[in-house]
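A short worksheet on the structure shown next.
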Number of protein chains: 2
Amino acid sequence: MSQDGPIRVILVDDHKHIHDAVSTLLNQQADIQLVGQASNGFEVVRLCDELKPDVILMDVVMPGMNGVEATRQIREKHPHIKILVLSSFQDDASVHEMLANGANGYVLKGAIALDLADTIRTTYQGKSVFSNEVAQMLLRPNRDEQQQTFGLTDREQEVIKLMADGLNNNEIAHRLFISRSTVKFHIANIVQKMGVETRAEAIVLAAKNGLI
Amino acid sequence: MSQDGPIRVILVDDHKHIHDAVSTLLNQQADIQLVGQASNGFEVVRLCDELKPDVILMDVVMPGMNGVEATRQIREKHPHIKILVLSSFQDDASVHEMLANGANGYVLKGAIALDLADTIRTTYQGKSVFSNEVAQMLLRPNRDEQQQTFGLTDREQEVIKLMADGLNNNEIAHRLFISRSTVKFHIANIVQKMGVETRAEAIVLAAKNGLI
DNA sequence: CGCACACCTGTCCTTGTGGATAGGTGTTGT
DNA sequence: ACAACACCTATCCACAAGGACAGGTGTGCG
């Protein structure tokens, strides 16, 4: 892992200005060498066999084979190559998909100007680097979904929690000091507001959305 | 975010040899300055007010105030200070706890020798850095819990999934080409195996454990 | 005041569920 | 061959839930 020669890097991106910017940045670094460039997944997979890079800077969205599939194939054939994702924007789906397929880091292009070289070195050393926005996303999986209340009123939320505890209508009624009729009324509203057909579905939806 | 002066760093650790090692490493770096050292949480909280560091290298396990509480307090009073956790070992609980309290990165001490300077620079630039072991842990949250099947047989798992879709016993029976009686039999077994009282509770438990 | 809305209650009737009980068939491993 | 286990089926009955009405009360707002 210690550097004998320079860190060999391949850049994969289908935008010329990214190539120019990265070249300029990395050419100033003695310990990092940009050994190849590709503009889609097919090219980089082929280049890996040929150039044996240490680190790949990979875009996600590209014509032909995209970054996800390219990452998967490279990870399979060359497990030692570090793959650092350069994404144009915060794309929830691609973050998880790229990392699940073996990417070692995920930084937003907006941040690369600052110091891409350090990021490459850190990744090369076996650490994972994420732009803070990306790290936040990883640390709070589905924080948005947890806020889903489906427009349920306070009382309705109390009722669905008791439903989830397995109480039947009578038990809920006693617990809340209301009549069985009222409980049924609330449940009917809950089911309707949640857009489901039965109380069972409402419970599952609520559970999946952290409402319970 | 661009460096006018050097990156000002405080080290917090209760082991002298870590202090020595970090000092040695960082003294070689022109752009990083070790401006203070502390050996517990109380000291670093006080030092932060006084020294206004850019980055804190924080141990987790310390006498007196531990790293978690120190991180929380510093994050609250000085939101701009980056906190990089240096952990002696992979401690599942502390990873999540430290990050939840605002740590910006989490690296294992075994890896710092390689290049702590790059890690500090990368963190300073607003990215999150994690040792790969730690990143793996973040990417697979509660893999164990998802394996919870409560000893349900294949058929029982099919049944509970249909229950969760809101199907009643008759519909489940039709869907699985079995009788209503059999469905009731399976549900009774499911409820019993899951250690709950009602089908509603079984559904919630299943939903919470990713069984559905 | 009048409206909206959360909240509460009742009745009637059909259908579904819970629980107990008592079996049968087919596969797998000792 | 026998046991263990998954899987399937049936019957009986009390009770719960669902759906459709048709209301009443209290609070906040324009």
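- On the nucleic acid side, DNA chain C has its first and last nucleotide under 4.0 Å of a heavy atom of chain B at C:dG16 to C:dG19, going 5' to 3'.
- With 3.5 Å as the limit, one finds no donor-acceptor pair spanning the side chains of A:R155 and A:N189.
- With rounding to whole Å, B:N189 atom CG is found 14 Å from D:dT9 atom C1'.
- We find that A:E171 and A:R175 are not joined by a salt bridge, their nearest charged nitrogen and carboxylate oxygen being 4.0 Å or further apart.
- Atom-to-atom, CD of B:E156 to P of D:dC5 comes out at 13 Å; the value is rounded to the nearest Å.
- When heavy atoms are screened at a 4.0 angstrom cut-off, B:T153 is found touching the sugar-phosphate backbone but no base atom.
- Taking atom NE2 on A:H186 and atom P on D:dA17, their separation rounds to 15 Å, with Å as the unit.
- A side chain to side chain contact (heavy atoms under 4.5 Å, CB included) with A:N104 is found for exactly one of A:L84, A:I83, A:V85, namely A:I83.
- In terms of the ring-ring contact (aromatic ring centres under 6.0 Å, His included) criterion, B:H174 has no residue partners (sequence neighbours excluded).
- Atom-to-atom, CD1 of A:I187 to P of D:dA16 comes out at 13 Å; the value is rounded to the nearest Å.
- For residues 157-181 of chain A, proximity to DNA chain D is found at A:N168, A:N169, A:N170, A:R180, defined as any non-hydrogen atom under 4.0 angstrom from a strand atom.
- Ion pairing of A:K161 with A:D165 is absent here, as no side-chain N (NZ or NE/NH1/NH2) approaches a carboxylate O to less than 4.0 Å.
- Taking atom CD on B:E197 and atom P on D:dC15, their separation rounds to 18 Å, with Å as the unit.
- Residues A:N40 and A:E43 have side chains that bring a donor and an acceptor to within less than 3.5 angstrom of each other.
- In this structure, B:L152 places its CG atom 11 Å from P of D:dA6, rounding to the nearest Å.
- Across B:K77, B:R75, B:E69, a single residue satisfies side chain to side chain donor-acceptor pair (under 3.5 Å) together with B:Q73, and that is B:E69.
- For the 3.5 Å distance criterion, the side chains of A:D49 and A:H78 qualify, holding a donor opposite an acceptor.
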